[in-house]
Student: 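Questions regarding the structure given below will be posed in turn.
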There are 2 protein chains.
Amino acid sequence: MRADILDSAARLFATGGFRGTSLQDIASDVGCSKASLLYHFTNKDAILTELLSPAGRELAELEERLAPLDGEEAARAAVDGLVDLSLRFRRQVRILIQDVDTMTARPELPDVYALTDRLVDALAGRSDAPEARVWAWMALVGIFLASAGDLQVSEPTLRAELARGALRTLGRHTD
Amino acid sequence: MRADILDSAARLFATGGFRGTSLQDIASDVGCSKASLLYHFTNKDAILTELLSPAGRELAELEERLAPLDGEEAARAAVDGLVDLSLRFRRQVRILIQDVDTMTARPELPDVYALTDRLVDALAGRSDAPEARVWAWMALVGIFLASAGDLQVSEPTLRAELARGALRTLGRHTD
DNA sequence: GCGCGTACTGTCCGATCGGTCAGTTATTCT
DNA sequence: AGAATAACTGACCGATCGGACAGTACGCGC
């Protein structure tokens, strides 16, 4: 049942946004009562948190793997790892992108939306250039868009595009 | 008074999103009652519509100017014109980007959010490649990010970046 | 049969939302 | 001065939200 709830919630959050999806919407999709959701999860935020935790764990692992690296090696590994991670968690990225204002202003859900910040920070690398942050956001949005059903961007194309943008923006390589 | 309302609303919508900003928020910022807002505007949507209408008019003018052009000339003119327009209406772009789910699912506000579609379409040009649409969205997001106070991306840098991305993605020119 | 924990639900709650409306204040015209 | 009009507001409304809670159905060990 928990799995059913998470599945429905993931699909609805990805298409309608977190704030745009009510508990009643999820309950109707699952086919149970709203109260049943709150029996399995302490509140609405907990559903989102659990939905994003696998991506968070993998990101933490990647951060550990990148820690000892430095220079261009670190930049390339970061880009490869994060683009790969983002592509494997397209739906989660899509959810994070949905409520941009919630992410940036973050009056709530600090734990959850810190994930977005960490993604952006990791993508931007250790670069001080604000362009790197801009690129990182744009990369996430690219993935978000590629996960939309009506935009059939091939994964190799998107991956190459993102990697090129990252390396150019980070100033470590140009082609 | 109408001008005060529009000014406050623009600032709040840009930072907190349209759905994330209540009429009470605007009224408090202006220093009047919520009912006073609805005396000057028929409803909340009308405030947003009026806020975005100048950008909509300019976009329509640009579309007319581009209509007779063709080929690479048209692509270059479109990119120049739209990047320029988007940079001059940073706050409006930021408002449009805020509620991504509202824009894409658009269960409401069809007139307003059609503006985003037109921006994207115009930026993507006549290209059939889905990559063009992805780039167009990313360009808008780049502008959105550059309008954030904490990201001081210089306008020439951003403009060059956007133009380069556009021409490359549209497949009409590479550097 | 009985006790008991798990799964689940109908119902209610306070808060907040966009919006309405009767009524008040201020200003302008005659 | 007084009527008319514009500007504005407090109080209220229905809808919807996330969430609380008492109660119910059910299966399993004893």
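Per chain, numbering begins at 1; letters A, B, ... match sequence-line order. Because the structure is predicted, anything quoted here is derived from the model rather than measured.
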Student: As a quick check of understanding, evaluate side chain to side chain contact (heavy atoms under 4.5 Å, CB included) for A:L52 and A:F89, giving each step before the final call.
Tutor: CA-CA 9 Å; A:L52 298 177; A:F89 288 98; over 6 Å; no
Student: In whole angstroms, how far is the P atom of C:dA7 from the CG atom of A:L38?
Tutor: 15 Å
Student: In whole angstrom, what separates B:Q24's CD from C:dG18's P?
Tutor: 10 Å
Student: Ignoring backbone atoms, establish whether B:S33 has a side-chain N or O less than 4.0 Å from OP1 or OP2 of D:dC8.
Tutor: no
Student: Quick one: do B:L6 and B:Y39 end up in the same hydrophobic cluster if we chain Ile, Leu, Val, Met, Phe, Trp and Tyr together by side-chain heavy atoms under 4.5 Å apart?
Tutor: no
Student: Nearest whole angstrom, please: distance from the P of C:dG19 to the CG of B:N43.
Tutor: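 Taking atom P of C:dG19 as the reference, CG of B:N43 is at 5 Å.
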Student: Measuring from atom CD1 of A:I47 to atom CZ of A:R2, what distance do you get when rounded to the nearest 0.5 angstrom?
Tutor: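 Answer for the CD1-CZ pair, A:I47 versus A:R2, is 9.0 Å.
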Student: Could you check whether A:D25 and A:S28, counting side-chain N and O atoms only, form a donor-acceptor pair closer than 3.5 Å?
Tutor: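 No, no side-chain donor-acceptor pair sits under 3.5 Å.
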Student: Report the distance from atom CD1 of A:I26 to atom C1' of D:dC17, rounded to the nearest whole Å.
Tutor: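 So the CD1-C1' distance, A:I26 to D:dC17, works out to 13 Å.
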Student: From CG of B:L37 over to C1' of C:dT20, roughly how many Å is that when rounded to an integer?
Tutor: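 So the CG-C1' distance, B:L37 to C:dT20, works out to 14 Å.
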Student: OP1, OP2 of D:dC8 versus side-chain N and O of B:H40: anything below 4.0 Å?
Tutor: yes
Student: Both A:A35 and A:Y39 contact DNA chain C. Taking the nearest nucleotide for each, which residue is further toward the 5' end?
Tutor: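 With A:A35 and A:Y39 compared, the 5'-side residue is A:Y39.
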Student: Within this structure, what is the NZ-to-P distance between A:K44 and D:dT16, rounded to whole angstrom?
Tutor: 15 Å
Student: Can you tell me how far C1' of C:dT11 sits from NZ of A:K34, to the nearest Å?
Tutor: 10 Å
Student: Over all strands shown, is B:L23 touching base, sugar-phosphate only, or nothing at heavy-atom distances under 4.0 angstrom?
Tutor: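 If one applies the 4.0 Å heavy-atom cut-off, B:L23 turns out to touch the sugar-phosphate alone, with no base involved.
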Student: Considering every strand and a 4.0 Å limit on heavy-atom distances, what is the contact class for A:S22: base, sugar-phosphate, or nothing?
Tutor: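 It contacts sugar-phosphate atoms only.
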Student: How many Å lie between CZ on B:F41 and P on C:dG19, as a whole number?
Tutor: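 It works out to 13 Å between those atoms.
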Student: More 5' along DNA chain D: A:D25 or B:G31, using each one's nearest nucleotide?
Tutor: B:G31
Student: Heavy atoms only: give me the nearest B:G16-B:T21 pair and the separation to one decimal.
Tutor: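 Looking at all heavy atoms of both residues, the closest pair is C-OG1, 4.0 Å.
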